[in-house]
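Below is one structure; the comments refer to it alone.
One-based numbering, in listed order, for ligands and for the atoms of each.
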Amino acid sequence: MFIPCVRPGIAHTARQLRHALQCRSFAEQSGGSESTRVALVQGASRGLGLEFVKQLLDKPDHRVVATCRNPDGAAELQELQGRSSGRLDIVQLDCTDEGSIAEAASQVSGSHRHLDLLLNVAGILHIPGKMSPETALSRVTADSLLTNFQINAMGPILVSKRFASLLAKASEGSSASRDRPAVIANLSARVGSISDNSLGGWYSYRASKTAQNQLSKCMAIEFARRKQNIAVVMLHPGTVDTDLSEPFQKNVKPEKLFAKERAVKQLLDIIEGVTMETNGSYLAWDGQSIPF
Ligand SMILES: NC(=O)c1ccc[n+]([C@@H]2O[C@H](COP(=O)([O-])OP(=O)(O)OC[C@H]3O[C@@H](n4cnc5c(N)ncnc54)[C@H](OP(=O)(O)O)[C@@H]3O)[C@@H](O)[C@H]2O)c1
């Protein structure tokens with residue numbers, strides 16, 4: 001059992017000390033068992049990410065790592081952690097900062113022997129008061145393109161890069177097989193499909209999700225070529241009632257606007273059925289393939 005040590009004589013931050021205690025609590029309770037399924041939700045402070053954490057914690061054989069930009073400000077995550085009997089770790093990670101991703105990966109490797117599920121959920125469509133999706137070519141800016149690409153496309157691939165070795169440990173051990181591989185599930189969006197694009201607009205968001213799909217597909221092919229039981233899927237959750245969609249909901253029919261609880265349940269059911277045969281798929285909330 002690996003328990004990250006707090007070295008005597010070295011100044012540690014409150015966050016490092018808190019993390020060491022969390023890890024010890026996890027290791028003491030789980031014994032680091034390979035039968036425990038470990039899921040990491042990247043972008044877990046609110047919206048779909050927070051709901052994924054809640055529903056994964058409802059599965060008794062799961063331990064969950066929730067990452068977010070500002071753990072101290074994530075009150076709902078902290079509250080969940082208090083009720084999780086040591087099954088939830090909260091780790092700082094900003095997906096636009098490769099140093100922070102590397103630090104998070106090293107922390108998680110210290111407390112978990114393998115990872116069965118990596119969910120890349122963090123994403124933006126707008127930033128209140130600063131940035132809206134472009135409705136016309138004239139509104140496209142370098143800033144909107146860069147910000148969308150940084151969070152929606154670069155985030156998931158850089159996070160996957162740093163956590164791939166932990167997923168590989170599930171693949172090498174007894175907890176993953178071709179029929180039940182370790183999974184990287186990236187939250188994409190139907191608007192990232194080029195062949196499905198009949199309306200135009202939302203240039204940066206659409207293109208960043210298209211780029212995310214291409215990067216994910218490359219990763220899926222590489223894992224298969226290396227004969228690793230790690231499957232990558234890109235998921236469209238439907239239009240879900242969260243902060244991200246809130247300004248754009250007025251033209252959405254009520255029956256087409258999903259509650260977070262429903263959307264996450266549907267996506268977890270899809271993830272549960274992923275095999276190496278479906279590696280590289282781009283899937284909607286109802287399990288249907290979306291054309292790239
Ligand atoms: N809601 C929908 O209708 C819908 C439809 C299609 C696809 N999606 C996709 O589903 C995913 C989740 O969306 P949502 O509706 O849950 O959005 P949301 O409620 O707006 O939540 C976005 C999450 O992303 C995090 N985030 C933003 N920038 C980050 C960064 N640099 N590093 C780490 N985390 C960051 C936010 O953290 P902070 O709290 O720190 O800001 C927040 O936890 C997104 O990828 C989105 O594109 C959503």
Next item on the list: Mark the output for Ser188 as yes if a heavy-atom distance to ligand 1 is under 4.0 Å, and as no if none is.
Entry: yes
Check: N/O of Leu48 under 3.5 Å from N/O of ligand 1, yes or no?
Finding: yes
Item checked: Option passing side-chain hydrogen bond (donor to acceptor under 3.5 Å, both in side chains) with Asp89 (candidates His112, Gln81, Arg63) -> His112
Margin query: Looking at Gln212 and Leu187, would you say the former's side chain and the latter's main chain have a donor-acceptor pair under 3.5 Å?
Written below: yes
Checklist line | Polar contact flag for Val121 and ligand 1 (N/O pairs, less than 3.5 Å) | finding: yes
Check: Numbering the atoms of ligand 1 from 1, which are under 4.0 Å from a heavy atom of Pro237?
Finding: 4 (C), 5 (C), 6 (C), 7 (C), 8 (N), 48 (C)
Note to self: Closer than 4.0 Å to some heavy atom of Ser245 - which atoms of ligand 1 meet that?
What the structure shows: 3 (O)
Check: Is the closest heavy atom of Asp97 to ligand 1 under 4.0 Å?
Finding: no
Check: What is the closest protein heavy atom to atom 22 (C) of ligand 1, and at what distance does it sit?
Finding: Gly123 O, 3.6 Å
Notebook entry, point to check: Going by the atom numbers of ligand 1, which of them fall below 4.0 Å from some non-hydrogen atom of Asp94?
Noted result: 30 (C), 31 (N), 32 (N)
Notebook entry, point to check: Is Lys54 salt-bridged to Glu261, going by a charged N under 4.0 Å from an acidic O?
Noted result: no
Margin query: Between Asp269 and Lys265, does any NZ, NE, NH1 or NH2 come within less than 4.0 Å of an OD or OE carboxylate oxygen?
Written below: yes
Item checked: Polar proximity ligand 1 side, Lys209 side, N/O cut 3.5 Å exclusive -> yes
Margin query: For Asp94, give me all partners under side chain to side chain donor-acceptor pair (under 3.5 Å), at least two apart in sequence or on another chain.
Written below: Thr96
Check: With atoms numbered from 1 as shown, which atoms in ligand 1 lie under 4.0 angstrom from a non-hydrogen atom of Thr96?
Finding: 31 (N)
Margin query: Using a plain distance cutoff, I'd like to know if Cys95 has any nitrogen or oxygen under 3.5 Å from a nitrogen or oxygen of ligand 1.
Written below: yes
Next item on the list: Return the option from Gly238, Ala122, Ser45, Pro71 holding the heavy atom at the smallest distance from atom 5 (C) of ligand 1.
Entry: Gly238
Note to self: Below 4.0 Å from ligand 1: does a non-hydrogen atom of Phe258 turn up there or not?
What the structure shows: no
Note to self: Could you work out, with side-chain contact (heavy atoms from CB on, under 4.5 Å) as the rule, every residue matching Met154, not counting sequence neighbours?
What the structure shows: Gln150, Leu158
Check: Any heavy atom of Cys68 sitting closer than 4.0 Å to ligand 1?
Finding: no
Checklist line | Arg83 and Glu79 ion-paired at < 4.0 Å | finding: yes
Notebook entry, point to check: With atoms numbered from 1 as shown, which atoms in ligand 1 lie under 4.0 angstrom from a non-hydrogen atom of Thr239?
Noted result: 3 (O)
